*Asks:* 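Quick one: the structure is below, questions incoming.
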Amino acid sequence: MNNSKTLFENAQQRIPGGVNSPVRAFRAVGGRPPFIERAKGAKIWDVEGNEYIDFVASWGPMILGHAHDKVIEAVQQAASRGTSFGANCEIEVEMADFVVNSVPSIDKVRMVNSGTEATMSAIRLARAFTGKDNIIKFEGCYHGHGDAFLSKAGSGAMTLGIPGSPGVTVATARHTLNGIYNDLESVKTLVAAHPEEFAAIIVEPVAGNMGVIPPKPEFLQGLRDIADEYHIVLIFDEVISGFRLGLGGAQQRFDVLPDITTLGKIIGGGLPVGAFGGKAEIMDLLAPLGPVYQAGTLSGNPLALTAGLTTLKILSQEGFYGQLEGKASRFFKEWAGEFDRAGIPSFSNQIGSMASAFFTAGPVHNYDQAAKSDTELFARYFRMMLAERIYLAPSQFEAMFVSAAHGEKELDQALSAHRKVLSQL
Ligand SMILES: *Cc1c(COP(=O)(O)O)cnc(C)c1O
């Protein structure tokens, strides 16, 4: 049988870096990534049979834990009816209903296959709607790998220290300006310098790709006000926060409504799904109603939407988020406290069931502050945690997720490993 070592060697012969998404290569933390054979609940197993407690959750989607019985059963039944029709099917209507009823700012929604597709389409729409070209994003926010977003991006770009990307034309890069997260003045300065030029402000309403950074109280409303004043489309990229911080996402939690919302991750229940939606007057610009082209061979795929919608229906059960967040808050509080007890400088951000502990005394409210983290120390910590069979994201700048499947037993086990590793660091 192939083990992780041979598999990774073989993978590197045929797949660039041995991976289909860069952070999986463990470059930022060193060591060799395990190959995963199966997952269930809060646990994953590698091909050697090692069992890990998982806090990556496939980078966010697995809020119910892995291989939830109801989701798997629904997917199996859907698969037996055919995996793709390239024609309308009922579950697309059900999914649209669910999204429109859950997310306060969405009147109409279109399904795509990834978060990247959702944000690319949202920007195109915002440009068409406003007749303007430039966009503002924020340093350390990640919006997928579309050309427009690869400047001072978070997630893998930040982890690997890639500030922009070759292959993006100068003309494209010129249209993206970066603000500072949680700093309204930085946005006002950009807008004041080019008041007629901005089509969109795109933001993660809770940042999750430079580590978790919640918005300061006035930040999101301030963006809403600026967007209104200058006729700019406000886009909330809720690919992580959507259905993570409640059915209505961050916009409901903070009571600030964007014009367009992008969704991904949880909405696919572990299959490839993204979505973007918003005000009808904007969404109706899309073909075939309007002139803005956007399409997808597998968009609205019945198998993927079945996984997604089955997941979302479970999330909508009374008390789901209260219970998850109560458990997660108690856990993360203990987690953060262990750094103090070990005398290791750190700063923790937590909101709902997502959190990050930065290896810096902090505070961490923006990219520059997050970037002060001691990534060498994090890397050592990460490898020791992995040896304790705790599977964390292989980067200081990613979120840690607690799922509904994490029981007190798993959380206690993770805490004692964390305590042990910090004491040896
Ligand atoms: C993951 C992510 C994306 C990209 O989604 P993919 O499905 O990986 O293309 C976009 N925006 C945010 C906020 C994300 O976290």
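Here the structure is a predicted model, which is why all the values come from computation and not from measurement. Positions are given from 1, in the same order as the sequence printed here. One-based numbering, in listed order, for ligands and for the atoms of each.
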*Asks:* Ligand 1 and Gly115, any nitrogen or oxygen pair closer than 3.5 angstrom?
*Replies:*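 In this structure, Gly115 places an N or O atom under 3.5 Å from an N or O of ligand 1.
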
*Asks:* Any atoms of ligand 1 less than 4.0 Å from a non-hydrogen atom of Ile240? List them with their elements.
*Replies:*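 In order of number, 15 (O).
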
*Asks:* Where's the contact between Thr262 and ligand 1, heavy-atom distance under 4.0 Å: side chain, backbone, both or neither?
*Replies:*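 No part of Thr262 is near ligand 1 at this cut-off.
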
*Asks:* Determine, considering heavy atoms only, which of Gly144, Ser241, Cys141 sits nearest to atom 10 (C) of ligand 1.
*Replies:*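 Among Gly144, Ser241, Cys141, the closest heavy atom to atom 10 (C) of ligand 1 belongs to Gly144.
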
*Asks:* Is any NZ, NE, NH1 or NH2 atom of the basic residue among Asp368 and Lys372 found under 4.0 Å from an Asp or Glu carboxylate oxygen of the other?
*Replies:*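 Looking at Asp368 and Lys372, the cut-off is not met.
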
*Asks:* What residue and heavy atom of the protein are closest to atom 9 (O) of ligand 1, and at what distance?
*Replies:*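 In this structure, atom 9 (O) of ligand 1 has Thr116 OG1, 2.6 Å as its nearest protein heavy atom.
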
*Asks:* Below 4.0 angstrom from a heavy atom of Asp237, which ligand 1 atoms are there? Numbered from 1 as shown, please.
*Replies:*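 Checking each atom against Asp237, I get 10 (C), 11 (N), 12 (C), 13 (C).
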
*Asks:* Compute the shortest N/O to N/O distance between Glu204 and ligand 1 and return yes if it is under 3.5 Å, no if not.
*Replies:*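 N/O-N/O distance under 3.5 Å: no.
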
*Asks:* Mark up the atoms of ligand 1 that fall under 4.0 Å of a heavy atom belonging to Asn209, in ascending order.
*Replies:*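 Taking each heavy atom of Asn209 in turn, ligand 1 has 12 (C), 13 (C), 14 (C), 15 (O) under 4.0 Å.
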
*Asks:* Can we say Glu94 and Lys313 salt-bridge, meaning some charged N sits less than 4.0 Å from an Asp/Glu carboxylate O?
*Replies:*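 Lys313 and Glu94: salt-bridged.
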
*Asks:* Could you tell me whether Glu185 and Lys188 have a side-chain N and a carboxylate O separated by less than 4.0 Å?
*Replies:*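 Yes.
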
*Asks:* Enumerate the atoms of ligand 1 whose separation from the nearest heavy atom of Ser114 is less than 4.0 angstrom.
*Replies:*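 Counting atoms of ligand 1 from 1, those under 4.0 Å from Ser114 are 7 (O), 9 (O).
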
*Asks:* Taking 4.0 angstrom as the limit, do Asp107 and Lys279 come out as a salt bridge?
*Replies:*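 Here Asp107 does not pair with Lys279 in a salt bridge, since their nearest N and O are not under 4.0 Å apart.
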
*Asks:* Among His66, His406, Lys43, exactly one meets side chain to side chain donor-acceptor pair (under 3.5 Å) together with Asp54. Which residue is that?
*Replies:*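 Only one option passes, and that is His66.
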
*Asks:* For atom 2 (C) of ligand 1, what is the closest protein heavy atom, and at what distance to 0.1 Å?
*Replies:*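 For this ligand atom, the closest protein heavy atom is Lys265 NZ, 2.6 Å.
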
*Asks:* Considering only NZ, NE, NH1 and NH2 on the basic side and carboxylate oxygens on the acidic side, decide whether Asp259 and Arg224 come within less than 4.0 Å.
*Replies:*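 Yes, this pair counts.
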
*Asks:* Could you tell me whether Asp46 and Arg389 make a salt bridge, using a distance below 4.0 angstrom between a side-chain N and a carboxylate O?
*Replies:*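 No, Asp46 and Arg389 are not salt-bridged.
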
